[in-house]
Asks: 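Pasting in a structure now, in structure tokens, and then I'll have a few things to ask.
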2 protein chains.
Amino acid sequence: MTTRDTILQAALERFARTGYLGSSIQQIADDVGTSKSSVLYHFESKEALLEAAMQPAIDAMSALVAALPHAGPDKLEAVPALATGFVDVLMAHSAAVSVFVTQRGALRDVPVIGRANALVDAIASTLVQEAPSARVLTRVSIGLAGVAFILGDALDDDREHVHPAEMREIFIDTLLELCLAQPESLESAR
Amino acid sequence: MTTRDTILQAALERFARTGYLGSSIQQIADDVGTSKSSVLYHFESKEALLEAAMQPAIDAMSALVAALPHAGPDKLEAVPALATGFVDVLMAHSAAVSVFVTQRGALRDVPVIGRANALVDAIASTLVQEAPSARVLTRVSIGLAGVAFILGDALDDDREHVHPAEMREIFIDTLLELCLAQPESLESAR
DNA sequence: TCGAACTCTGACCGATCGGTCAGTACGATG
DNA sequence: CATCGTACTGACCGATCGGTCAGAGTTCGA
């Protein structure tokens with residue numbers, strides 16, 4: 001693995017664990033056993049380093065969105081595939097997900113964060129049916145945010161580790177339930 | 001309103017919008033039209049300021065948890081009341097919720113964040129039934145995290161504003177559905 | 001063998017950070 | 001009037017931040 005890739009990986013882990021603003025270039029350099037100047041040789045700035053570290057996750061999510069039917073009768077059928085793909089991308093890039101979830105507020109004017117926001121919007125609008133009610137919209141948001149948050153959080157969780165495949169299934173099921181189930185049937189339970 | 005209270009409010013809003021590490025004492029002082037020294041006169045450190053700003057939300061959530069039955073047959077009946085109380089506290093302290101959701105990783109060794117984590121654990125363990133499966137545990141986590149995330153995010157959201165009472169109802173319904181519904185019935189939908 | 005390109009480094013820079021401190025303004029109290 | 005506590009401020013401090021730069025070590029093709 002090249003020095004550049006090593007830095008990239010260490011930076012992503014640091015950003016996920018202590019936040020972008022809470023991570024210094026010097027710390028990242030120490031993590032990989034090089035110098036701050038070396039980091040700044042491979043990446044022209046700290047922000048460029050963040051950008052490069054997030055890119056693989058952005059690319060994977062972009063590919064997912066690009067494969068979607070944008071409208072028409074196929075849209076509803078695409079929901080399960082999208083939910084599955086979404087969870088898979090999230091699980092494959094959990095560190096980047098953690099960075100996005102926790103830093104998107106403080107870094108709202110960083111370009112790569114803005115691009116990630118646009119991707120999430122595209123996914124959410126596909127997961128809900130046409131002319132969505134506030135109810136369904138909110139339910140889908142809860143599902144997307146909840147799954148992303150837990151996955152990002154699971155990095156340093158000392159909690160009992162559930163088998164990843166089991167987690168994946170639970171995430172997909174719950175997401176689909178929030179997207180597709182008729183919530184009105186639950187009213188009587190209140 | 002006293003200067004101290006003004007600082008407290010401005011600090012909470014700043015922390016929620018740009019993060020704890022992304023907010024300087026100087027900026028908070030500028031927000032309220034005073035000096036950095038004045039802020040440090042009322043609060044002995046930046047961390048003490050965070051602590052004081054989060055305290056009302058911590059207190060409200062503590063009161064909610066303290067009123068819970070810890071075990072026994074009453075526990076299941078307490079779930080709807082807890083979910084309702086949880087959502088109400090979250091909505092009443094959305095800025096503090098935003099700080100907690102986004103900063104808890106980077107600030108994991110700050111005492112007030114640790115206390116908030118313990119509260120969330122207490123609530124989660126009440127919302128799930130005895131001997132919870134990984135499935136229910138994960139579903140509840142998705143619900144709690146999703147609702148908290150959206151509420152914290154809604155602060156600067158320029159999206160269409162749904163009526164707060166409607167949001168409250170949707171949150172509570174969805175949370176209860178994730179806690180109580182039999183997810184197995186959804187299997188056939190896949 | 002020469003030099004160009006690539007990788008990497010330590011010294012250094014201005015800015016900003018959280019925090020300290022001496023001192024000032026002022027209303028209340030004796 | 002003198003004094004004391006409260007509220008507040010500007011000057012200042014050491015540390016650390018992101019970033020620049022000149023140069024050293026190495027590799028490799030001409």
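Below, each value reflects all heavy atoms present in this structure, side chains not excepted, and no hydrogens, waters or symmetry copies. Lettering follows sequence order; numbering is per chain, from 1.
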Asks: Using the salt bridge (Lys or Arg N to Asp or Glu O under 4.0 Å) criterion, which residues pair with A:Asp5? Sequence neighbours excluded.
Replies: none
Asks: Just call it for A:Ser38: base, sugar-phosphate, or nothing, with non-hydrogen atoms closer than 4.0 Å on any strand.
Replies: base
Asks: If each of B:Lys36 and A:Ile25 is mapped to the nucleotide of DNA chain D with the nearest heavy atom, which maps nearer the 5' terminus, i.e. the 5' end?
Replies: B:Lys36
Asks: Under 4.0 Å from OP1 or OP2 of C:dC8: is there any side-chain N or O of A:Thr34 that close?
Replies: no
Asks: Checking A:Ile28 against A:Leu49 for the side chain to side chain contact (heavy atoms under 4.5 Å, CB included) test, could you report, in this order, the C-alpha distance in whole Å, the side-chain angles of both residues, the deciding distance, and whether it holds?
Replies: CA-CA 11 Å; A:Ile28 295 166; A:Leu49 176 54; 4.0 Å; yes
Asks: Please determine, by modelled atom types, if A:Thr102 and B:Thr102 share a side-chain donor-acceptor pair under 3.5 angstrom.
Replies: no
Asks: Is the side chain of B:Glu169 donor-acceptor paired with the backbone N or O of B:Glu166 at a distance under 3.5 Å, no angle test?
Replies: no
Asks: Under 4.0 Å, heavy atoms only, any strand: does A:Ser37 hit a base, just the sugar-phosphate, or nothing?
Replies: base
Asks: Within the side chain of A:Thr126, is there an N or O that forms a donor-acceptor pair under 3.5 Å with the backbone of A:Ala122?
Replies: yes
Asks: Establish, yes or no, whether the cationic atom of A:Lys46 lies under 6.0 Å from the six-membered ring centre of A:Tyr20 and within 45° of the ring axis.
Replies: yes
Asks: Would you classify A:Ser23 as touching base, sugar-phosphate or nothing, given that sugar-phosphate means primed atoms plus P, OP1 and OP2, and contacts are heavy atoms under 4.0 Å?
Replies: sugar-phosphate
Asks: On DNA chain D, nearest-nucleotide positions of A:Glu44 versus A:Gln26: which is more 5'?
Replies: A:Gln26
Asks: If only atom types and distance count, is the side chain of B:Arg139 paired as donor or acceptor with the main-chain N or O of B:Glu177 below 3.5 Å?
Replies: yes
Asks: Keeping the roles fixed (side chain from A:Ser98, backbone from A:Ser94), state whether a donor-acceptor pair exists under 3.5 Å.
Replies: no
Asks: Reading DNA chain D 5' to 3', which nucleotide is the first, and which the last, to come under 4.0 Å of any heavy atom in chain B?
Replies: D:dT6 to D:dA11
Asks: How far does the helix from C:dT1-D:dA30 to C:dG30-D:dC1 bend, going by the axes of its first and last five pairs, to the nearest 10°?
Replies: 20°
Asks: Within less than 4.0 Å of OP1 or OP2 of C:dT7, is there a side-chain N or O belonging to A:Tyr41?
Replies: yes
